[in-house]
Amino acid sequence: MVPLGKLLLQVPSRSVRSLIFRAMSANSGELLINSPKYAFLKELGLSETNLGVFDGEWRANGQTIQSICPSNGLAIAQVKQASPSDYEHAIQASEAAWTVWADLPAPKRGEIVRQIGDALRSKLLPLAQLVSLEMGKILPEGKGEVQEYIDICDYAVGLSRMISGALIPSERPGHVLMENWNPLGVIGVISAFNFPVAVYGWNSAIAMVCGNTVFWKGAETTPLISIATTKIVAGVLEKNNLPGAIATLCTGGADIGQSLASDRRIKLLSFTGSCQVGRLVAVEVQKRFGKSLLELGGNNALIVAEDADLKMVIPAILFACIGTSGQRCTTTRRLIVHQAVYDEVLQKLKTAYAQVMGRIGDALGEHVLIGPVHSQNAVKQYKETLALIRQAGGTVELGGQVLKRPGYFVEPTIVTGIAHDHDLVHTECFAPILYVLKASSVEQAIGWNNEVPQGLSSSIFTQNISSIFKWIGPKGSDCGLVNVNIPTSGAEIGGAFGGEKHTGGGRESGSDSWKQYMCRSTITINHSKELPLAQGIRFE
């Protein structure tokens with residue numbers, strides 16, 4: 001088996017990929033941070049060279065890397081990463097901070113998270129602009145992502161007054177049987193490049209009100225976002241005279257990820273990334289009997305039934321396929337269309353795609369709908385997958401080209417002629433490539449939805465009540481997110497977010513996801529003068 005640390009460097013995924021930004025020293029005048037066009041970077045407290053470790057103090061003794069803008073391929077700024085000694089110092093600080101944080105009543109912790117939400121509101125636009133610049137999603141999506149962190153802070157504030165145990169009837173006289181929930185300790189979060197703010201927010205806001213401290217390793221390719229976000233959170237903690245290591249940041253590469261996975265002091269490790277790396281992370285955590293929360297691959301399907309409202313279907317598919325340039329974990333990868341409407345849907349979809357092809361461009365552009373993919377490696381995956389599609393006899397109905405311009409731009413692509421059970425269809429390519437499949441019935445479409453290894457998001461468009469309840473029932477979709485007449489993307493924070501099978505089984509955000517960040521204690525209190533023993537045993 002390939003060691004986890006080595007694979008973290010080898011496997012292109014949402015949280016780890018081969019580093020196209022090399023350890024280097026650049027002429028500071030060439031960095032985008034020095035351009036007046038990107039003045040928002042300094043508004044966020046960023047500079048030419050940024051320290052990538054925060055545990056109450058900013059530090060870093062590892063290598064210096066450059067963060068690259070995917071819209072133009074230019075260096076934004078430099079980041080000094082963590083060394084092994086930085087990691088050790090940070091984890092110790094996080095443990096020490098927990099002894100303070102856990103003693104605060106949950107509503108008091110909720111008040112701190114409320115203030116974090118307000119601080120994010122005050123920096124929403126510049127932070128969103130940074131998301132667009134460093135990750136590559138268009139500005140409206142960048143704003144939406146920061147808003148998700150704000151919204152989950154609001155949600156967590158309410159949760160802080162609602163975390164409850166249980167009082168259970170005891171079968172023994174004079175006894176009380178209870179359930180209580182306590183924090184775990186230090187929670188590790190390894191987040192992905194495609195949602196560099198929201199994934200951390202979903203985890204940290206809930207984990208913090210539950211009484212945990214959070215140790216964050218952001219994606220190697222979005223370190224400036226991690227630093228800027230941490231500066232906002234740290235400002236709130238400092239204002240309240242609380243230890244900064246309640247929200248620890250440790251930027252770095254595979255060595256930091258390996259340390260988090262194997263460190264017994266990390267009570268729960270939340271990992272967002274590829275199925276391949278997630279499997280190794282889970283095994284590494286399980287070796288020490290730790291807990292993991294996995295958010296892995298999607299390969300999501302959207303079903304169009306014979307009776308679907310096509311006026312709703314086409315814009316839904318378009319959004320679900322091209323949003324974030326096909327790099328959402330909930331992006332629609334497979335479109336399963338009933339044969340009665342297949343030709344019409346395909347033609348209308350090609351028309352819709354053609355209308356947005358002219359709006360590909362810089363993620364910060366005013367009228368841009370499709371930004372770049374995140375890296376040169378993503379372009380490589382896109383090209384290699386299309387070569388395999390053509391080799392397998394597939395037809396590229398629209399798109400299929402890498403754009404010849406600075407940055408990492410590809411055309412959203414529609415593919416037909418590949419069988420539903422082909423390896424290409426069952427393997428998620430994290431790029432804007434859509435496979436269109438023709439089904440003879442809703443039952444067949446459900447079977448195709450379920451046959452892939454992943455199980456994150458799924459959707460059906462239908463007006464038939466019987467089909468809806470079949471879809472959401474025990475023989476329907478086997479995914480964690482099961483939608484009707486809405487796209488596969490766009491989950492709300494109030495529900496639990498996550499998937500089944502190779503997606504990992506983890507749940508973040510709303511509903512009762514908070515329980516994953518806490519330890520359940522079953523408590524029995526004998527308030528009588530008697531000592532009844534189990535199974536009626538008596539020692540006389």
Side-chain angles (χ1 to χ4, degrees), residues 132 136-145 194-195 298-305 308-338 341-363 365-373 378 382 385-386 389 395-401 403 409-416 418 425 428-439 445 449 456-463 481 483-492:
S132 296
K137 62 178 62 177
I138 61 174
L139 186 55
E141 290 184 311
K143 292 178 181 177
E145 178 170 353
N194 61 336
F195 279 88
N299 205 5
N300 315 291
L302 187 152
I303 297 172
V304 181
D309 183 346
L310 299 190
K311 290 181 180 178
M312 294 173 62
V313 165
I314 302 305
I317 298 171
L318 186 65
F319 171 72
C321 294
I322 71 169
T324 321
S325 298
Q327 297 170 113
R328 294 185 178 212
C329 47
T330 53
T331 293
T332 296
R333 312 282 179 200
R334 299 174 296 139
L335 178 62
I336 307 171
V337 186
H338 192 281
V341 292
Y342 177 89
D343 291 339
E344 184 180 1
V345 168
L346 179 58
Q347 186 55 51
K348 288 180 181 292
L349 188 60
K350 288 166 65 176
T351 300
Y353 264 57
Q355 290 173 348
V356 299
M357 286 295 193
R359 299 178 71 178
I360 300 173
D362 188 317
E366 186 176 353
H367 300 293
V368 170
L369 284 178
I370 305 170
V373 290
Y382 173 86
T385 301
L386 283 169
I389 286 169
T395 299
V396 176
E397 298 281 350
L398 196 76
Q401 299 297 318
L403 301 185
F409 292 93
V410 302
E411 291 181 334
T413 302
I414 299 172
V415 174
T416 59
I418 301 290
V425 179
E428 183 180 32
C429 174
F430 219 62
I433 298 175
L434 174 68
Y435 297 100
V436 185
L437 311 170
K438 183 188 297 185
N449 175 81
L456 178 54
S457 187
S458 57
S459 179
I460 189 171
F461 277 77
T462 180
Q463 303 301 312
L481 305 175
N483 296 334
V484 178
N485 295 329
I486 63 169
T488 55
S489 53
E492 296 185 30

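All values below were derived from every heavy atom in this structure, side-chain atoms included, with hydrogens, water molecules and symmetry-related copies excluded.
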*Please tell me if the side chains of Asp309 and Phe461 come closer than 4.5 Å, counting only heavy atoms from C-beta onward.*
no
*Please name the pair of heavy atoms, one in Lys137 and one in Ala363, separated by the smallest distance, quoted to 0.1 Å.*
O-CB, 3.3 Å
*Pairwise side-chain contact, Val304 with Leu310, heavy-atom cut-off 4.5 Å (strictly under)*: yes
*asked:* If we check side chain to side chain contact (heavy atoms under 4.5 Å, CB included) with Ile317, which of these qualifies: Leu349, Ile322, Val337?
replied: Leu349
_Between Arg328 and Phe195 (side chain of the first, backbone of the second, donor and acceptor by atom type, cut-off under 3.5 Å), is there such a pair?_
no
*Pairwise side-chain contact, Pro432 with Glu411, heavy-atom cut-off 4.5 Å (strictly under)*: no
*Non-hydrogen atoms of Ser458 and Asn449 that approach each other most closely*: CB-OD1, 3.5 Å
*Sub-4.5 Å side-chain heavy-atom contact between Ile433 and Ile389*: yes
*Roughly how far apart are Thr331 OG1 and Phe430 CZ, rounded to 0.5 Å?*
6.5 Å
*asked:* To the closest 0.5 Å, what do you measure between NZ (Lys350) and CG (Leu398)?
replied: 7.0 Å
*Check for a donor-acceptor pair, side chain of Asn300 on one end and backbone N or O of Arg334 on the other, with a separation under 3.5 Å.*
no
_With rounding to the nearest 0.5 angstrom, report the SG to CG distance, Cys429 to Asn299._
10.0 Å
*asked:* With rounding to the nearest 0.5 angstrom, report the CE to CG distance, Met357 to Leu369.
replied: 12.0 Å
*Kindly say whether Asn194 contributes a backbone atom to a donor-acceptor pair with the side chain of Gln327 at under 3.5 angstrom?*
no
*asked:* As an exercise, state the distance from CG of Leu481 to CG of Leu456, rounded to the nearest 0.5 Å.
replied: 5.0 Å
_Pair Val373, Tyr382 - check side-chain contact (heavy atoms from CB on, under 4.5 Å), show working._
CA-CA 10 Å; Val373 290; Tyr382 173 86; over 6 Å; no
*asked:* Quick check: do Leu346 and Glu397 have side-chain heavy atoms less than 4.5 Å from each other?
replied: yes
*Which heavy-atom pair separates Pro372 from Phe409 by the least distance, and what is that distance?*
N-CE2, 3.5 Å
*Does the side chain of Thr332 reach to within under 4.5 Å of the side chain of Ser457, using non-hydrogen atoms?*
no
*To the nearest 0.5 Å, how far apart are OG in Ser325 and CD1 in Ile138?*
8.0 Å
*Evaluate side-chain contact (heavy atoms from CB on, under 4.5 Å) for Val436 paired with Val345, printing each intermediate quantity in order.*
CA-CA 10 Å; Val436 185; Val345 168; over 6 Å; no
*Just wondering, do Ser459 and Thr488 contact through their side chains at under 4.5 Å, heavy atoms?*
yes
*asked:* Any heavy-atom pair between the side chains of Thr330 and Pro487 that's under 4.5 Å?
replied: no
